[in-house]
Amino acid sequence: PLFRSVTNAVLKLIERERNGETIQTGLISGVIQCYVELGFDEDEPNSKGPALKVYKPFFEEEFLADTERYYTAESTRFLQENPVTEYMKQAELRLEEERKRVALCLHESSQDELARKCENVLIQKHMELLQTEFQNLLSDYKVEDLSRMFGLCSRVPDGLAKLKELLESHIFQQGLAAIARCEETALNDPRVYVQTILDSHQKYSALVMKSFENDPGFLAALDKA
């Protein structure tokens with residue numbers, strides 16, 4: 001019961017900070033240090049570092065569950081009130097804030113699990129919406145927004161697979177449309193046809209470099225198209 005009360009108090013402080021309040025992070029790190037020190041196993045003097053027998057079950061498990069609840073509610077609410085492009089900025093911000101939270105207040109062993117939890121809630125669970133927006137961003141050639149989406153989706157398992165398919169299809173369709181537009185001119189001057197293909201390839205080569213960091217999978221999509 002005592003651990004639960006202390007943990008709940010810490011979780012409320014973290015929530016206040018997530019809501020924009022300035023808090024004394026030293027209060028959190030002090031509690032966390034106590035939890036870590038209480039986990040030392042005196043029967044295993046040769047163990048490397050704390051066993052975290054208190055920190056993991058009495059704090060981290062509750063913290064991760066609380067984090068999932070918080071960002072599930074926030075992400076749903078934010079997407080109802082804002083465009084996807086703004087949501088991506090918010091997701092980036094939140095992921096960085098949580099990374100810093102571990103560095104400042106929590107035990108380093110929480111970093112990977114917290115990152116996975118946040119990535120699942122903020123990215124994976126909204127993947128369908130992000131994929132739909134990806135098509136819109138391609139159509140509008142939004143280099144910066146596409147780069148941001150690439151960075152987010154690359155953080156989750158198979159997050160880029162559908163984007164590669166969409167890119168390949170988009171480049172192919174845009175190429176066909178460009179050729180159709182110059183069809184009459186190309187009948188009299190075949191060089192126009194060749195130049196149109198080159199221009200399209202150059203345009204999307206630049207996009208793959210600027211937005212997708214020349215990722216091999218996206219380069220392959222460009223070549224297939």
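Nearest heavy atom pair, residue Cys153 against residue Leu130, reads SG-CD1, 4.3 Å. Between Val10 and Phe59, the closest heavy-atom pair is CG1-CE1, 3.6 Å. Contact record, Leu167 with Ala221: CD2-CB, 4.3 Å, taken as the closest heavy-atom pair.
Contact annotation: the side chain of Asn214 approaches that of Leu219 to within less than 4.5 Å [non-hydrogen atoms, C-beta and beyond]. Leu137 places a side-chain heavy atom less than 4.5 Å from the side chain of Thr85. Residues Asp199 and Thr196 have side chains not in contact (no heavy-atom distance under 4.5 Å, counting atoms from C-beta outward). By the 4.5 Å heavy-atom criterion applied to side chains, Phe3 and Pro57 are not counted as neighbours. The shortest distance between side-chain heavy atoms of Gln124 and Pro157 falls below 4.5 Å. Asp215 is not listed as a side-chain neighbour of Val208, based on a closest heavy-atom distance of 4.5 Å or more. The closest side-chain heavy-atom distance from Lys56 to Ser109 is below 4.5 Å. Counting heavy atoms from C-beta outward, Val31 and Val6 have side chains that approach closer than 4.5 Å.
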message: Could you walk me through whether Leu138 and Leu207 satisfy the side chain to side chain contact (heavy atoms under 4.5 Å, CB included) test, starting with their C-alpha distance in whole Å, then the side-chain angles of each, then the deciding distance to 0.1 Å, before giving a yes or no?
response: CA-CA 9 Å; Leu138 280 177; Leu207 183 68; 3.8 Å; yes
field: Derivation and outcome, salt bridge (Lys or Arg N to Asp or Glu O under 4.0 Å), residues Glu144 and Arg148
entry: CA-CA 6 Å; Glu144 185 177 341; Arg148 182 170 288 112; 3.5 Å; yes
Steps toward salt bridge (Lys or Arg N to Asp or Glu O under 4.0 Å) verdict (Glu97, Lys100): CA-CA 5 Å; Glu97 285 176 356; Lys100 289 180 178 178; over 6 Å; no
message: Before you tell me yes or no, could you show the steps for Gln33 and Glu37 under side-chain hydrogen bond (donor to acceptor under 3.5 Å, both in side chains), namely the whole-Å CA-CA distance, both residues' side-chain angles and the distance that decides it to 0.1 Å?
response: CA-CA 6 Å; Gln33 186 58 38; Glu37 290 176 359; 3.1 Å; yes
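No donor-acceptor pair under 3.5 Å is formed between the side chain of Ser147 and the backbone N or O of Val143. Using a distance-only test at 3.5 Å, with no hydrogens or angles considered, a donor-acceptor pair links the side chain of Thr7 to the main chain of Phe58. Tyr55 places a side-chain N or O within donor-acceptor distance of the main-chain N or O of His107, the cut-off being under 3.5 Å. Side-chain N or O atoms of Ser169 include none that pairs as donor or acceptor with a backbone N or O of Leu166 at under 3.5 Å.
In the displayed structure, Glu108 atom CD is contacted under 6.0 Å by at most 12 heavy atoms of other residues, nucleotides or ligands. Heavy-atom contacts from other residues, nucleotides or ligands closer than 6.0 Å to CD of Gln202 number 12 or fewer. In Asp140, the CG atom is crowded: over 12 heavy atoms of neighbouring residues, nucleotides or ligands sit closer than 6.0 Å.
Between the CD atom in Glu74 and the CZ atom in Arg69 there is a gap of 15.0 Å [rounded to 0.5 Å]. To the nearest 0.5 Å, the span separating CZ on Arg94 from OG on Ser75 amounts to 10.5 Å. Atom CG of Asn82 sits about 10.5 Å away from atom CZ of Arg77, to the nearest 0.5 Å. The CD atom of Gln174 sits 6.5 Å away from atom OG of Ser139, with the distance rounded to the nearest 0.5 Å. Atom CZ of Phe134 is separated from atom CE of Met149 by 7.5 Å, given to the nearest 0.5 angstrom. To the nearest 0.5 angstrom, Ile179 atom CD1 is 4.5 Å from Ile197 atom CD1.
For His126 and Tyr87, the ring centers sit closer than 6.0 Å to each other.
The list of salt bridge (charged side-chain N to carboxylate O under 4.0 Å, His left out) pairs with a residue in residues 11-33, not counting sequence neighbours, reads Arg16-Glu21, Glu17-Arg101, Arg18-Glu98. Sorted by first then second residue, the ring-ring contact (aromatic ring centres under 6.0 Å, His included) pairs that include residues 138-185, not counting sequence neighbours, are Phe150-Phe212, Phe150-Phe218, His170-Tyr204.
Tracing side-chain contacts under 4.5 Å through hydrophobic residues (I, L, V, M, F, W, Y), one never reaches Val121 starting from Leu114; they form parts of separate clusters. Cluster annotation: Phe63 and Tyr71 are assigned to distinct hydrophobic clusters (Ile/Leu/Val/Met/Phe/Trp/Tyr, side-chain heavy-atom contacts under 4.5 Å, transitive). Met209 and Leu198 fall into different hydrophobic clusters, where Ile, Leu, Val, Met, Phe, Trp and Tyr are joined by side-chain heavy atoms under 4.5 Å apart, directly or via other members. Placement of Val54 and Leu2 within a single hydrophobic cluster is found when ILVMFWY residues are connected by side-chain heavy-atom separations under 4.5 Å, directly or transitively. Under the 4.5 Å side-chain heavy-atom criterion for ILVMFWY residues, no single connected hydrophobic cluster contains both Ile28 and Leu104.
A salt bridge does not link Glu133 to Lys142: none of the charged side-chain nitrogens sits closer than 4.0 Å to a carboxylate oxygen. A salt bridge does not link Lys164 to Glu168: none of the charged side-chain nitrogens sits closer than 4.0 Å to a carboxylate oxygen. With respect to the salt-bridge test (charged N to carboxylate O, under 4.0 angstrom), the residues Lys89 and Glu92 do not qualify.
With sequence neighbours excluded, the residues satisfying side chain to side chain contact (heavy atoms under 4.5 Å, CB included) with Glu119 are Leu95, Ala115, Ile123, Arg155, Val156. Annotation: side chain to side chain donor-acceptor pair (under 3.5 Å) contacts of Ser200 (sequence neighbours excluded): none. For the side chain to side chain donor-acceptor pair (under 3.5 Å) test, no residue two or more places apart in sequence or in another chain qualifies with Glu165. Remark: Asn19 pairs with Tyr70 by the side chain to side chain donor-acceptor pair (under 3.5 Å) rule, at least two apart or across chains.
Leu64 pairs with exactly one of Glu61, Glu60, Glu62 by the side chain to side chain contact (heavy atoms under 4.5 Å, CB included) rule, that one being Glu60.
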